[in-house]
Structure formats: C-alpha cells, structure tokens
There are 2 protein chains.
Amino acid sequence: MDFDREKVLKVEQQKTISKAVITRLPRYYRYLGELIEEGVERISSNDLSVRMKVTASQIRQDLNNFGGFGQQGYGYNVKYLYSEIAKILGIDRQHNLIIIGAGNLGQAIANYANFEKRGFVLKGMFDVNPRLVGLVVRGVEIRGIDDLENFIHENNVQIAALTIPKSKAAEIAQRLVNSGIKAIWNFAHVDLQVPDDVVVENVHLSESLMRLSYRVCSLQDRMKQEAEKLREMENQ
Amino acid sequence: MDFDREKVLKVEQQKTISKAVITRLPRYYRYLGELIEEGVERISSNDLSVRMKVTASQIRQDLNNFGGFGQQGYGYNVKYLYSEIAKILGIDRQHNLIIIGAGNLGQAIANYANFEKRGFVLKGMFDVNPRLVGLVVRGVEIRGIDDLENFIHENNVQIAALTIPKSKAAEIAQRLVNSGIKAIWNFAHVDLQVPDDVVVENVHLSESLMRLSYRVCSLQDRMKQEAEKLREMENQ
DNA sequence: TAGATTGTTAATCGATTAACAATC
DNA sequence: TAGATTGTTAATCGATTAACAATC
C-alpha cells in the first residue's frame with residue numbers, strides 16, 4: 001500500500017517543468033531553425049548563449065529538464081536538438097484547429113496557422129456575421145456558428161482560436177468546452193473560466209500595448225531625471 | 001564628490017520595478033474597469049484577489065511599488081486606483097502610432113488601437129504593396145513606405161507597430177530607429193537589434209501557439225500516465 | 001591523450017507568500 | 001472605540017547563475 005502510494009506520487013511529481021522554461025523553448029526552436037538554414041551543424045551552449053543573449057547555464061539547465069541532448073566536448077547537434085524540441089513542444093504531431101471570428105484578426109491567424117508548417121491544420125472558420133459566411137479564406141470556407149458542435153466532432157478538432165469580441169467569448173467558450181475541445185487560443189480580452197482539462201492560452205494585445213506604453217514612459221522619465229541630476233551636479 | 005555620487009546612485013536605483021509586476025498591471029487595470037462598470041465603489045485586496053485568482057499579498061505588494069493607493073480599514077477606491085494605474089502605465093498621455101504592414105494583422109491592430117480609447121492615436125499606415133496604397137482603413141490612408149521618415153517627423157510618431165514578414169523587419173526597424181522612433185511593437189518573428197533608448201515589445205504569435213501545443217500535449221500525457229498507474233494498482 | 005563542453009550540484013539572487021504592526 | 005484592512009517586514013519558495021566533476 002505504502003509502496004503504491006510512493007509510485008503514484010512519483011508519477012505525479014515527475015516533471016513539473018516551470019512555465020519560464022516552456023516560454024523559452026519556442027525561442028530556442030526559432031534560433032536552431034535559423035542555424036539549420038545557415039548550415040551550422042553543431043553548437044555549444046556558450047556560442048548559442050551569445051547569439052540569444054542568455055546565459056549558457058540557462059540553456060543547459062533548460063534542456064536538461066527534458067534529457068541530455070548534448071555531448072561533452074562536442075556541444076549540441078543542431079538538427080537533432082531542433083527535432084527533439086519539436087517533439088517536446090508537440091509540434092511534430094498534427095493539431096486540428098478552427099478559428100471562431102473571421103474578421104481581420106481571424107484571417108491573420110488563418111494565414112499564420114497555415115504558413116507555419118508545424119503540424120497545425122486549419123479545419124474551419126466560423127463567424128456570426130452572415131455577410132462573411134460562405135466566403136473562402138485560404139481555401140477554408142467560413143461557416144455559420146450553428147454548425148460548431150457537429151463540426152468539432154466530425155473533424156476531430158482539438159484547438160479553437162477565439163478572435164471574437166469579449167462580449168461573446170464566455171458563451172462560445174462554454175460551447176467549445178461542451179464539445180470536448182482541448183485548448184482555446186484566446187484573443188478576447190477576458191479570462192475564460194474552463195475546467196482543468198482544457199488549456200487556455202491568452203494573447204491579450206491590449207495588455208501588450210500597455211506594457212509597451214509603460215516601458216516607453218518609464219524610460220523617458222528615467223532619462224529626464226538623470227539629465228536633471230547631471231545638470232544639478234554641474235551647477236554645484 | 002562622494003555625496004554627489006551617492007545622489008546619482010540613488011536616482012539610478014530608485015525604481016527597478018520587476019518585469020513580472022509590469023505584466024500584471026494591465027490585468028489589474030482590466031478588472032478595475034469591470035468593477036467600475038458594475039458600479040463597485042471600493043474593494044479590498046482580499047476581494048480582488050478572489051476575483052483575479054491571485055493572492056491578496058501580491059496585489060498589495062505590486063501596488064506598493066508605486067505608492068500607497070489604499071486606506072486601512074477601507075480598501076481601495078476603485079475609480080481612484082483605476083486612474084492611478086492608468087498614470088503608471090502612461091495610458092493617460094497621448095501616444096501617436098503608425099502601423100507598418102497593412103495586411104490582415106495590420107488592419108486588426110488598427111481596429112484595436114482605435115477602439116481602445118486609451119490615448120493611442122493611429123496616425124498612419126504603410127505598406128509596400130502598391131495595391132494597398134491609397135486604401136483607407138478606419139479613416140486612415142495607407143501610404144507607400146518611402147514616406148516613412150518624413151511622416152514620423154511631421155506627425156510626432158512615438159510608436160510603430162511592425163506587422164510585416166520577418167525578412168523585411170530588420171531593415172524597417174533600422175529606418176524607424178534612425179527616424180527617432182521611441183518604441184516598436186514587433187509582430188515579426190525576429191529579435192530586433194535596437195539601441196538602449198528604443199523599446200521593443202514582441203508579440204510572437206507562433207511562440208504562443210507552440211506553448212499552447214506543449215500544454216495540450218503534456219496535459220494529455222499526464223492524464224494518460226495517471227490512468228495507466230491507476231489501472232496497474234487495481235490489477236495488483 | 002588533452003581540450004572542450006556537457007550534465008548537474010551548489011550558491012546566489014529575486015519573487016511570492018505569510019505575518020503583523022500601523023492606522024483608518 | 002473596535003473591526004477591518006492596508007503597508008511593510010520577514011520567511012519561504014523558486015528560478016537563475018556559477019562552478020566543477022564527468023566524459024566525450
């Protein structure tokens with residue numbers, strides 16, 4: 001009995017990879033892709049750290065969360081590491097996705113999702129606006145929202161991008177959850193309430209713009225203050 | 001001499017607000033806006049923490065980086081705190097911005113930037129595609145890219161949103177920097193090289209999608225493993 | 001083999017949470 | 001005044017960096 005409990009605990013604890021590490025993985029992936037394009041075959045954590053402006057220590061720590069992908073005295077094989085990170089991120093598998101909200105943002109996402117050949121397959125687009133329904137974007141027809149539940153089941157859809165106004169987001173999210181969706185890529189300015197087994201990844205553009213605003217203003221304030229202090233010192 | 005150095009150091013050290021705090025500020029702002037709409041006049045850190053699913057301690061710590069906005073025994077006045085956070089974020093001031101790249105994403109941003117009445121004023125849009133030049137989006141004419149430098153100077157533009165392919169991004173960024181732009185809201189999949197006095201805020205949608213993919217896959221893996229372990233235990 | 005570079009442990013740094021005295 | 005709740009200090013927790021033995 002005690003033995004079993006120990007086993008279960010171990011499995012549960014197994015890998016609690018920190019969020020910060022996950023955030024950095026796609027960036028590693030991008031740089032490795034560039035290295036492949038440049039024809040670079042192997043790279044040390046140190047060389048990569050210079051390119052990426054992070055510490056070599058961080059790179060090695062991050063990667064070792066998932067296994068030893070390098071070799072002492074050699075470094076990392078670029079192509080191998082690239083494909084291993086793809087596996088970790090799960091972008092070697094196919095993800096079927098739909099986009100709900102076929103406005104400019106929805107259409108922009110449609111282009112992304114199809115261009116990036118990372119296993120994301122755009123299966124359908126939906127909109128409430130009857131003037132958009134029937135139009136074809138990147139080979140995908142825009143459907144009315146009534147179809148939603150059937151379409152998800154029939155096309156084995158795992159991911160839904162939500163590019164609709166916040167007023168409609170909660171209601172649609174509920175319908176998605178009920179239809180068994182696995183993840184919501186949420187562009188609406190709300191925090192969605194979903195069960196534990198549904199992933200929500202937020203892209204809150206307005207918050208990003210506010211951070212930008214803060215950084216501009218605080219940088220200017222700091223420069224202004226420093227200039228003033230220097231002037232004061234000179235006057236003494 | 002020693003005295004002056006001390007003074008300068010103090011100014012420099014003054015406020016090094018952590019990035020995590022800045023990331024959370026816009027979310028506080030959003031929730032306070034909702035509270036105002038609901039007609040709530042005051043709120044305690046504890047009540048807000050329940051709504052936002054963070055700790056009350058974190059809320060108080062975060063806010064106290066900028067000053068004491070609350071009152072013991074009372075809590076925080078919602079409207080006052082809302083306006084103070086606006087000041088901190090600098091969204092009470094006017095920011096003139098342009099959008100470079102008038103495709104779907106650029107147009108989506110144009111809608112955002114104008115709808116959100118937070119002091120961001122869309123002054124112009126630019127595109128290399130001659131078929132787009134001359135079109136009018138949300139009252140703003142799309143211009144050819146040759147105009148760029150003059151336009152920035154004449155319209156006192158501080159922020160440029162970069163919604164163009166990565167291949168063109170570095171070159172345009174350099175032109176923006178040379179024209180004295182203060183900040184770049186970068187949607188291209190590259191890390192831009194800019195001087196210290198220019199702010200870059202990245203929105204890398206493909207990285208966001210990869211994080212989503214990771215989270216879906218790791219959640220499924222974990223659930224699969226746990227189910228298996230339970231089955232094993234039952235069989236013993 | 002010697003040099004290079006990883007994987008990993010230990011040390012440091014920073015951010016979050018808890019606790020409580022100050023005070024409205 | 002008593003109760004509530006902040007502002008702030010102290011304790012804990014986690015993430016980053018440094019160091020170095022293992023090893024290719």
Side-chain angles (χ1 to χ4, degrees), chain A residues 12-28 31-32 35 40-85 88 211 214 218, chain B residues 12-28 31-32 35 40-85 88 211 214 218:
Chain A
E12 280 175 0
Q13 290 173 351
Q14 210 179 20
K15 314 175 181 180
T16 347
I17 310 293
S18 96
K19 218 186 159 188
V21 174
I22 305 309
T23 303
R24 287 191 290 267
L25 279 184
R27 189 156 177 265
Y28 294 140
Y31 274 83
L32 289 165
L35 285 167
V40 176
E41 230 173 56
R42 67 190 179 98
I43 193 158
S44 67
S45 57
N46 203 54
D47 289 354
L48 188 57
S49 77
V50 172
R51 277 193 179 238
M52 295 188 64
K53 293 176 180 164
V54 296
T55 63
S57 206
Q58 182 163 74
I59 293 174
R60 295 204 298 276
Q61 286 276 26
D62 282 354
L63 297 178
N64 270 81
N65 280 301
F66 304 98
F69 301 125
Q71 202 164 71
Q72 285 96 333
Y74 172 89
Y76 298 88
N77 179 291
V78 175
K79 275 187 187 165
Y80 172 68
L81 185 56
Y82 185 75
S83 73
E84 285 299 312
I85 293 180
I88 294 166
R211 280 193 290 276
Y214 172 85
S218 73
Chain B
E12 280 175 0
Q13 290 173 351
Q14 212 179 17
K15 314 175 182 179
T16 348
I17 311 292
S18 95
K19 219 186 159 187
V21 174
I22 306 309
T23 304
R24 287 190 290 267
L25 279 184
R27 188 156 177 264
Y28 294 138
Y31 273 84
L32 289 166
L35 285 167
V40 177
E41 231 173 56
R42 67 189 179 98
I43 193 159
S44 68
S45 58
N46 203 53
D47 288 354
L48 188 56
S49 78
V50 171
R51 278 193 180 238
M52 295 188 64
K53 293 178 181 164
V54 296
T55 63
S57 206
Q58 181 163 74
I59 292 174
R60 295 203 299 277
Q61 286 277 26
D62 282 354
L63 297 177
N64 270 81
N65 279 301
F66 305 99
F69 301 125
Q71 203 163 72
Q72 285 95 331
Y74 172 89
Y76 297 89
N77 179 289
V78 175
K79 274 188 186 166
Y80 173 68
L81 185 55
Y82 186 74
S83 73
E84 284 301 310
I85 293 180
I88 295 166
R211 280 193 290 275
Y214 172 86
S218 73

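For the numbers below, each heavy atom of this structure counts, side chains included, while hydrogens, waters and symmetry mates do not. The shown structure was predicted, so the numbers you read here are calculated from the model rather than taken from an experiment. Naming: A, B, ... by sequence-line order, numbering from 1 per chain.
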[atom1]-[atom2] distance between [X] and [Y], expressed to the nearest 0.5 angstrom:
{"X": "A:S18", "Y": "A:R24", "atom1": "OG", "atom2": "CZ", "value": "6.5 Å"}
{"X": "A:L35", "Y": "A:L48", "atom1": "CG", "atom2": "CG", "value": "6.5 Å"}
{"X": "A:I22", "Y": "B:S218", "atom1": "CD1", "atom2": "OG", "value": "7.0 Å"}
{"X": "B:L63", "Y": "B:F69", "atom1": "CG", "atom2": "CZ", "value": "7.0 Å"}
{"X": "A:E84", "Y": "A:N77", "atom1": "CD", "atom2": "CG", "value": "10.5 Å"}
{"X": "A:L32", "Y": "A:I85", "atom1": "CG", "atom2": "CD1", "value": "5.0 Å"}

Legend entry - Footprint string (nucleotides 18-24 of chain C, 5' to 3'): B base within contact, S backbone only, - free, heavy atoms under 4.0 Å: BBB-BBB
Inset, instruction - List for me each residue that meets ring pair (Phe, Tyr, Trp, His ring centres under 6.0 Å) alongside B:Y28, sequence neighbours excluded, and say none if there are none. - result: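 In terms of ring pair (Phe, Tyr, Trp, His ring centres under 6.0 Å), with neighbours along the sequence ignored, B:Y28 is linked to no residue.
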Tell me the interatomic distance from [X], atom [atom1], to [N], atom [atom2], rounded to whole angstroms.
{"X": "A:I17", "N": "D:dA15", "atom1": "CD1", "atom2": "C1'", "result": "13 Å"}
{"X": "B:N64", "N": "D:dT9", "atom1": "CG", "atom2": "P", "result": "10 Å"}
{"X": "A:Q58", "N": "D:dA15", "atom1": "CD", "atom2": "P", "result": "11 Å"}
{"X": "A:D62", "N": "C:dT6", "atom1": "CG", "atom2": "P", "result": "14 Å"}
{"X": "B:N46", "N": "D:dG3", "atom1": "CG", "atom2": "P", "result": "18 Å"}
{"X": "A:N65", "N": "D:dT16", "atom1": "CG", "atom2": "P", "result": "10 Å"}
{"X": "A:K19", "N": "C:dT16", "atom1": "NZ", "atom2": "P", "result": "12 Å"}
{"X": "B:L63", "N": "D:dT8", "atom1": "CG", "atom2": "P", "result": "12 Å"}

Legend entry - Check: B:D62 side chain, B:I59 main-chain N or O, donor-acceptor pair, under 3.5 Å: no
Legend entry - Partner residues of A:R51 under the side chain to side chain donor-acceptor pair (under 3.5 Å) criterion, sequence neighbours left out: A:E38
Inset, instruction - Tell me, please, which residues at least two apart from B:R211 pass salt bridge (charged side-chain N to carboxylate O under 4.0 Å, His left out). - result: A:E201
Legend entry - For DNA chain D, the residues among residues 75-84 of chain B that have a non-hydrogen atom under 4.0 Å from it: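 DNA chain D contact set from residues 75-84 of chain B: B:G75, B:Y76.
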Legend entry - B:S45 side chain near D:dT6 phosphate (N/O to OP1/OP2, under 4.0 Å): yes
Legend entry - Side-chain N or O of A:R24 closer than 4.0 Å to phosphate OP1/OP2 of D:dT16: yes
Legend entry - Non-hydrogen side-chain atoms of B:R60 and B:Y76 separated by less than 4.5 Å: yes
Legend entry - First of A:A20 and B:D47 reached from the 5' end of DNA chain D, by closest nucleotide: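 Of the two residues, B:D47 wins.
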Inset, instruction - Anything below 3.5 Å on both distances counts as a pair; with that, list the stems of at least three consecutive Watson-Crick or G-U pairs involving DNA chain C. - result: C:3-24 with D:3-24
